[in-house]
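Hydrogens, waters and symmetry mates are skipped; everything else that's a heavy atom, side chains included, is used. Just so it is clear, the structure is predicted and the values come from calculations on it, not from any experiment.
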Amino acid sequence: MSIPANLKYTKDHEWVSLEGDVATVGITHFAQKELGDIVYVEVETLDQTLEKDEVFGTVEAVKTVSDLFLPLSGEIIAFNDALESTPESVNSDPYGAGWMIKVKISNPAEIDELLSDEAYKELIGA
């Protein structure tokens with residue numbers, strides 16, 4: 001199972017890539033595998049400022065709908081529009097084309113609360 005070492009992770013199975021004060025967020029390989037075939041990604045929080053752990057959207061798979069939790073407080077500044085026509089990118093390339101949002105971080109101290117790749121591997125038993 002792919003768990004890139006250069007990313008940070010949450011206990012809710014989201015990954016975070018940091019570039020300055022902007023975080024790119026998606027769900028992990030483990031999460032997409034557990035959900036199954038993803039058919040729809042909805043994010044209605046674009047241009048909104050949310051707190052860490054608030055729901056920023058949902059991901060719909062063939063059998064279930066799951067909330068997406070914001071890993072860091074901040075403003076949602078971008079949504080991966082390509083997911084509207086190809087939500088299956090979350091399954092085929094969760095750490096690349098399957099990214100979901102970009103967040104302008106408002107509280108950098110929260111980064112320290114994210115999991116390393118080693119801690120995330122331990123969490124999922126990989």
Side-chain angles (χ1 to χ4, degrees):
M1 180 177 313
S2 174
I3 302 172
N6 63 320
L7 302 175
K8 296 288 191 178
Y9 300 89
T10 72
K11 292 177 181 165
D12 294 314
H13 309 289
E14 280 128 5
W15 59 263
V16 178
S17 171
L18 298 162
E19 288 182 42
D21 65 349
V22 174
T24 302
V25 178
I27 64 171
T28 64
H29 177 78
F30 176 86
Q32 68 79 24
K33 188 175 172 194
E34 292 291 307
L35 287 167
D37 293 336
I38 293 171
V39 295
Y40 189 67
V41 177
E42 180 176 54
V43 173
E44 294 184 349
T45 53
L46 188 61
D47 300 323
Q48 293 181 25
T49 299
L50 302 175
E51 295 299 313
K52 178 183 178 211
D53 297 328
E54 283 192 82
V55 174
F56 72 83
T58 56
V59 62
E60 183 178 337
V62 173
K63 298 178 185 174
T64 189
V65 176
S66 186
D67 286 336
L68 298 166
F69 299 96
L70 196 62
L72 298 163
S73 299
E75 180 184 359
I76 314 291
I77 58 172
F79 168 65
N80 184 355
D81 292 331
L83 296 180
E84 291 180 356
S85 58
T86 56
E88 64 273 11
S89 297
V90 176
N91 292 115
S92 62
D93 190 10
Y95 301 110
W99 69 274
M100 295 181 175
I101 61 167
K102 292 188 184 281
V103 181
K104 184 166 177 36
I105 302 166
S106 62
N107 185 357
E110 292 173 346
I111 294 168
D112 295 336
E113 298 170 22
L114 297 173
L115 303 174
S116 67
D117 61 309
E118 291 302 320
Y120 184 70
K121 285 177 188 173
E122 193 174 305
L123 175 75
I124 62 172

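Rounded to the nearest 0.5 Å, atoms CG (D21) and CD1 (I77) are 7.5 Å apart. In this structure, E42 CD and E84 CD are separated by 10.0 Å, a value rounded to the nearest 0.5 Å. Atom CD1 in I27 sits 4.0 Å away from atom CE in M100 (nearest 0.5 Å).
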side-chain contact (heavy atoms from CB on, under 4.5 Å) evaluation trace for N6 with S17
CA-CA 8 Å; N6 63 320; S17 171; 5.7 Å; no

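Checked by atom type and distance alone, the side chain of N80 pairs as donor or acceptor with a backbone atom of A97 at under 3.5 Å. Put simply, the side chain of E110 gets close to the backbone of S73: a donor and an acceptor are under 3.5 Å apart.
Taking hydrophobic clusters as Ile, Leu, Val, Met, Phe, Trp and Tyr residues chained together by side-chain heavy-atom distances below 4.5 Å, I76 shares a cluster with F79. There is no path of hydrophobic side-chain contacts, each under 4.5 Å, that joins L72 to Y95. Hydrophobic clustering, with ILVMFWY side chains joined whenever heavy atoms are under 4.5 angstrom apart, keeps L7 apart from V25.
Across all non-hydrogen atoms, the minimal contact from Y40 to P87 is N-CB, 3.8 Å. Across I105 and A23, no two heavy atoms sit closer than the pair CD1-CB, 4.0 Å.
Qualifying ring-ring contact (aromatic ring centres under 6.0 Å, His included) partners for H29, counting only residues two or more places apart in sequence or in other chains: none. Considering only residues two or more places apart in sequence or on other chains, K33 meets the salt bridge (charged side-chain N to carboxylate O under 4.0 Å, His left out) condition with none of them. Under the side-chain hydrogen bond (donor to acceptor under 3.5 Å, both in side chains) criterion, K8 pairs with no residue at all, not counting sequence neighbours.
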Enumerate, atom names and distances included, each donor-acceptor pair closer than 3.5 Å involving a side-chain atom of residues 115-126, sequence neighbours excluded.
{"residue": "S116", "atom": "OG", "partner": "E118", "partner atom": "N", "Å": "3.4"}
{"residue": "S116", "atom": "OG", "partner": "A119", "partner atom": "N", "Å": "3.1"}
{"residue": "Y120", "atom": "OH", "partner": "H13", "partner atom": "ND1", "Å": "2.7"}
{"residue": "Y120", "atom": "OH", "partner": "T28", "partner atom": "OG1", "Å": "2.8"}

Throw together a table of side-chain donor-acceptor distances under 3.5 angstrom for residues 55-71, partners on residues two or more places apart or in other chains.
none

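Among residue pairs with one or both ends in residues 50-59, those qualifying as salt bridge (charged side-chain N to carboxylate O under 4.0 Å, His left out) are K52-E113; sequence neighbours excluded.
Taking 4.5 Å as the limit, every side-chain heavy atom of V90 sits out of range of all side-chain heavy atoms of L35. Under the 4.5 Å side-chain criterion, counting only non-hydrogen atoms from C-beta, Y9 is in contact with P4.
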